[in-house]
Amino acid sequence: MIPEPADMTARRLHGRLLIDPDQPAEPGWIDVADGRIVDMGSDTAGTNPTPDRVGEHDVICPAFVDAHLHLPQFESIGHDGRPLLAWLDDVIFPAEAAWADRAVATERCHAALVRLRRAGTFTFAGYLTAHPHSIDAFVAANARVGLRATVGQVLMDRAAPDPLLGHPIRPLDPPDDPRLRLSVNPRFAVSCSDDCLQAAARLAASGAIIQTHLAESAAECAKVRALFPEDREYAAVYDRHRLLTPRTLLAHAVHLDDAAWSLLAARRCVVVHCPTANTFLGSGLFDRDAACRHGIRLALGSDVAAGPDVAMPRVARAMIEVAKCRAMAGAPDVDVPSPAAAWRLITSGNADALGLPDAGRLAVGATADLLVLRTPFAPDADLASRLLYGWDDGFIVSRMIAGRMAPE
Ligand code: GUN
Ligand code: ZN
């Protein structure tokens, strides 16, 4: 990013503050300095024009947090017609193999980060590729964008084309960028042998975040049963390798029995619900009620490119729609999350699940990753609902990333 003089970065923003999505957004102000929110107040007088005054109805809200995505897949959105395993073989593995060229990887990674910035997602957890240099590509690309990321080299040693296999595992050297954390990303049990899962566990012993996929499709689960006949079920494979921890993000979890839910609850893992991806690949309808009954920590992910939507309000809306579909199809006692709860999940909820309590909220001390929204409707009591169902990235008229105004 272009550096600004120090005295240009401290500023006051005025607008309607969406602090709690259950409450109306009231006029107020936010003081930002050194990349953080340093003070906030309500704007009862509401008349003093300042250089940063936004429109009367403009809403200031925290930027979105995405708990699961794949940076090398942004150019592969929308190849419909295949279930998970065929889609990986036909569409995704060739796309990821193209990152073998470091310059291509850097350029495509930059394009994905710009797309996230445009959609208002400034914090995320995600996957790179199996290439060790995919980490360097990310660092180079994000130096120009500045998002807050938890990303890892994809660990995999079978069931994929040769160019994606046999790569050395990069150690988790602490990055220079304070907004970057390196995670441990064993792809999923189908493409990881016991040796690979063991190497992942060794790498994660330092306390890093672990990201993987679990029980996304029925065919995948059948394959895992055949590959690991000694284990009771899918989650038990990861548990045997000590990969189920409070820092583990498990994407999907669509096909789990009660004992598996209990295991995930006992290990305090985070389950990342990916509703748009589950629908796109026809993987299944996530049982959010089972997760809630077991007290599972839940997050929400776009899972681009299985999920076709980059914008997190679209993913939040899909979570509500999947719950409504389950209820309409006769599932008993379905809890349909409210739009406000869904909005909270794509901001502070996901941040908490990623272990980032200073992200995804308007609060003193929080990182100043902010959006200014201008909507065609007044910000009334149903604001979260109107935003989710009518979402358009064009609502975002300003972006502040770590306290600096950012381009679209
Ligand atoms: N399971 C293993 N790899 C992937 C992936 O890239 N996307 C999705 N949706 N599921 C996976
Ligand atoms: Zn995924």
Side-chain angles (χ1 to χ4, degrees), residues 66-99 108 112 116 121 124-131 134 149-161 164-165 183-193 196-197 200 209-224 227 234-235 237-238 243 248-255 270-286 299-310 312 315 318 350 354:
D66 189 340
H68 182 94
L69 57 80
H70 298 258
L71 287 166
Q73 299 180 13
F74 274 60
E75 292 179 11
S76 304
I77 289 173
H79 290 280
D80 197 0
R82 299 166 183 82
L84 172 66
L85 299 175
W87 174 79
L88 288 173
D89 285 341
D90 296 351
V91 178
I92 293 307
F93 292 153
E96 295 192 2
W99 277 39
R108 292 192 183 178
L116 284 165
T121 296
F124 65 91
Y127 293 61
L128 300 167
T129 64
H131 311 99
S134 63
T150 303
V151 292
Q153 175 189 6
V154 174
L155 308 183
M156 53 199 289
D157 67 349
R158 65 180 178 193
L164 289 177
L165 302 178
S183 59
V184 177
N185 295 32
R187 180 164 217 130
F188 67 157
V190 174
S191 52
C192 296
S193 69
C196 182
L197 294 172
I209 298 269
I210 298 165
Q211 306 190 53
T212 191
H213 299 86
L214 173 68
E216 178 175 0
S217 80
E220 168 204 4
C221 293
K223 202 149 205 171
V224 170
L227 288 165
Y234 200 155
V237 177
Y238 294 147
L243 287 166
T248 303
L249 310 175
L250 299 162
H252 302 286
V254 175
H255 304 274
V270 172
V271 165
V272 187
H273 179 18
C274 301
T276 48
N278 295 339
T279 303
F280 179 76
L281 294 176
S283 301
L285 297 175
F286 177 70
L300 202 54
S302 69
D303 195 18
V304 168
D309 293 288
V310 180
M312 288 307 290
V315 180
N350 271 352
L354 299 187

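Ligands are counted one by one from 1 in listed order, and the atoms in each one are counted from 1 as well. Bear in mind the structure is a predicted one, so any value in this text is a computation, not a measurement.
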So, His252 and the Zn ion (ligand 2): N/O/S under 2.8 Å, yes or no?
-> no
Whether Tyr238 and Tyr234 hold their rings parallel, tilted or perpendicular, with breakpoints at 30° and 60° | tilted
Where ligand 1 meets Ala306 - atom numbers and elements under 4.0 angstrom, heavy-atom basis | 9 (N)
Close N or O approach (Glu216, ligand 1; < 3.5 Å) | yes
Heavy-atom pair with the smallest gap, counting every atom of Arg158 and Val190 | NE-O, 3.0 Å
Nearest non-hydrogen protein atom to atom 9 (N) of ligand 1, with distance, is Asp303 OD2, 2.8 Å
Nearest-neighbour protein heavy atom for atom 3 (N) of ligand 1, which is reported as residue plus atom name and distance | Arg187 NE, 2.8 Å
Residue pair Val254 / Glu216: nearest heavy atoms and the distance that separates them = CB-O, 3.7 Å
Of all the atoms in ligand 1, which lie at a distance below 4.0 Å from a heavy atom belonging to Phe188?
-> 1 (N), 2 (C)
Considering only heavy atoms, does Glu220 approach ligand 1 within less than 4.0 Å through its side chain, its backbone, both, or neither?
-> neither
If every non-hydrogen atom of Ala160 is compared with every non-hydrogen atom of Leu165, which pair is closest and at what distance?
-> O-CD1, 3.2 Å
Could you tell me whether any N, O or S atom belonging to Asp303 is less than 2.8 Å from the Zn ion (ligand 2)?
-> yes
For the Zn ion (ligand 2), the closest N/O/S atom belonging to His68 = NE2
Measure from the Zn ion (ligand 2) to each N, O or S atom of His213 and report whether any distance is below 2.8 Å.
-> yes
Which ligand 1 atoms does His252 reach within 4.0 Å, using its non-hydrogen atoms?
-> 9 (N)
Nearest heavy-atom neighbours spanning Gly301 and Val315 = O-CG1, 3.5 Å
If every non-hydrogen atom of Ala189 is compared with every non-hydrogen atom of Val237, which pair is closest and at what distance?
-> CB-CG1, 4.5 Å
Work out which heavy atom in Ala277 is nearest to a heavy atom in His252; give both atom names and the distance.
-> CB-CE1, 4.0 Å
Quick check: does Trp87 get an N/O under 3.5 Å from an N/O on ligand 1?
-> no
Taking the six-membered ring for Trp and the single ring otherwise, decide whether the centroids of Tyr127 and His213 are under 6.0 Å apart.
-> yes
